[in-house]
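Since this is a predicted model, take the numbers as computed values, not measurements. As the structure lists them, so they are numbered: ligands from 1, and atoms in each ligand from 1.
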Amino acid sequence: MKHIWIDCDPGHDDAMAILTAYAHPEKLHILGVSTIGGNQTLQKVTQNAKNVLSFIGAEIPLAMGQSGPLVKPLNTAPEAHGESGMDGPYFSGEDYPVVSENAVAFMHEQILACPEPVTIVALAPLTNIALLLRTFPEVCSHIECISMMGGGIDHGNCTPLAEFNIYVDPEAAHIVFHSGIPIVMSGLDVTEQATVTVAQIDSLQNRGRVSHLAYELLHFYNESGHQFGFIDSPVHDLCAVAWLLAPEIFRGTKRYVDVVTDEGASRGQTFADGRPIPAHPANTLVLEQVDREKFSALLLDALARLDHVGKAE
Ligand code: RIB
Ligand code: CA
């Protein structure tokens with residue numbers, strides 16, 4: 001059993017990660033979910049998190065984090081996720097409780113209160129995580145690892161060199177990569193292999209209550225991915241949860257990874273020291289390959305599980 005904390009900016013792929021984690025209570029105990037401005041504004045991504053958690057009848061603490069990055073203003077991604085940040089399905093706007101404390105303080109409290117080490121699942125810009133580690137350094141020894149979606153060694157998506165989650169807040173990412181906490185990086189190198197096919201998406205339509213929600217989300221997200229050149233859209237964030245559930249479907253290499261925070265064309269780039277004798281010890285397991293069939297089956301199986309245990313009609 002792993003105790004996990006999910007930091008996210010739902011986000012279609014964030015939603016798939018939350019659903020898949022929630023479908024495996026025998027393996028993952030979700031201590032809490034926190035939101036951060038990223039794909040859309042903090043208000044919108046928090047409403048999206050409320051919609052997902054309410055839809056599945058979850059009783060997981062939800063906390064709001066920072067509205068934007070440490071230094072620069074937030075640039076959201078409506079082109080990818082729509083104006084709501086999770087376009088596609090209609091949600092009845094059911095409410096869901098949000099804790100009164102800021103997510104950083106609440107994460108600190110909950111992680112220290114957990115009797116066993118906690119795994120952070122970071123699916124968004126790393127602002128909340130960076131502030132947690134800097135404001136409350138004692139929490140570091142209670143964190144087993146950070147399984148994050150972000151970065152890319154070979155290329156970016158926001159810019160040729162920088163991936164969105166890192167590009168939004170490179171300073172926060174730099175703090176996290178230099179924290180000494182083991183990182184498992186699901187960067188674009190692996191997440192762009194982590195796709196669900198159109199046929200698989202269509203198979204979810206009317207298959208069950210949660211499956212159909214996933215169909216509406218993934219159908220929109222897949223269509224949206226075409227503008228970026230994807231036939232089947234990568235479910236990026238799900239990799240950070242899939243690695244916790246089925247690490248054997250991934251291949252990766254331990255490397256020293258750092259983040260560019262300078263202004264200019266490489267701002268937000270995550271690079272690895274590929275020299276025979278790197279300047280620093282490895283700080284990151286960089287995931288490089290995933291078995292796509294087993295990855296997509298993990299999602300479809302999770303949705304089938306939730307179809308039968310979701311919120312009563
Ligand atoms: O680059 C992909 C990342 O940016 C994912 O976390 C997605 O949700 C968006 O936030
Ligand atoms: Ca995300």
- Does N39 use its side chain to pair, donor to acceptor, with the backbone of G85 at less than 3.5 Å?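 No; zero donor-acceptor contacts below 3.5 Å.
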
- Task: May I ask you to decide if M149's main-chain N or O and N165's side chain share a donor-acceptor pair within less than 3.5 Å?
- Result: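 Checking the backbone N and O of M149 against the side chain of N165, a donor-acceptor pair under 3.5 Å is found.
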
- Query: Do F91 and L303 share a hydrophobic cluster (ILVMFWY, side-chain heavy atoms under 4.5 Å, transitive)?
  - Reply: yes

- Query: Do F220 and H81 have ring centroids that are under 6.0 Å from one another?
  - Reply: no

- Message: If you round to 10 degrees, what value do you get for the angle at the Ca ion (ligand 2) between D237 atom OD2 and D9 atom OD1?
- Response: 140°

- Please report the C-alpha distance between D237 and H12 in whole Å, then the side-chain angles of each, then the deciding distance to 0.1 Å, and finally whether the side chain to side chain donor-acceptor pair (under 3.5 Å) criterion is met. CA-CA 9 Å; D237 289 337; H12 297 75; over 6 Å; no

For [X], take its heavy atoms, then give the atoms of ligand 1 lying under 4.0 Å from any of them.
X	result
F164	1 (O), 4 (O), 9 (C), 10 (O)
E163	1 (O), 2 (C), 3 (C), 4 (O)
D237	5 (C), 6 (O), 7 (C), 8 (O)
H236	2 (C)

- Message: Under 3.0 Å from the Ca ion (ligand 2), can any N, O or S atom of L123 be found?
- Response: yes

- Specify whether an N/O/S atom of D14 falls short of 3.0 Å from the Ca ion (ligand 2).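 Yes - counting backbone and side chain alike, D14 has an N, O or S atom under 3.0 Å.
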
- Query: Does NZ or CZ of R209 fall inside the cone over F55's six-membered ring, less than 6.0 Å from its centre and within 45° of the axis?
  - Reply: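 That pair qualifies as a cation-pi contact.
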
- Over 60° means perpendicular and under 30° means parallel, so classify the ring planes of F295 and F250, tilted if in between.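 Geometry flag for F295 against F250: perpendicular rings.
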
- Message: For L123, which part has a heavy atom under 4.0 Å from ligand 1: side chain, backbone, both, or neither?
- Response: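 Contact part for L123 vs ligand 1: backbone (N, CA, C, O).
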
- Protein heavy-atom partner closest to atom 8 (O) of ligand 1 - residue, atom, separation in Å: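 Closest protein heavy atom to atom 8 (O) of ligand 1: D13 OD1, 2.7 Å.
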
- Task: Around atom 9 (C) of ligand 1, find the nearest protein heavy atom and jot down its residue, atom name and distance.
- Result: N39 OD1, 3.1 Å

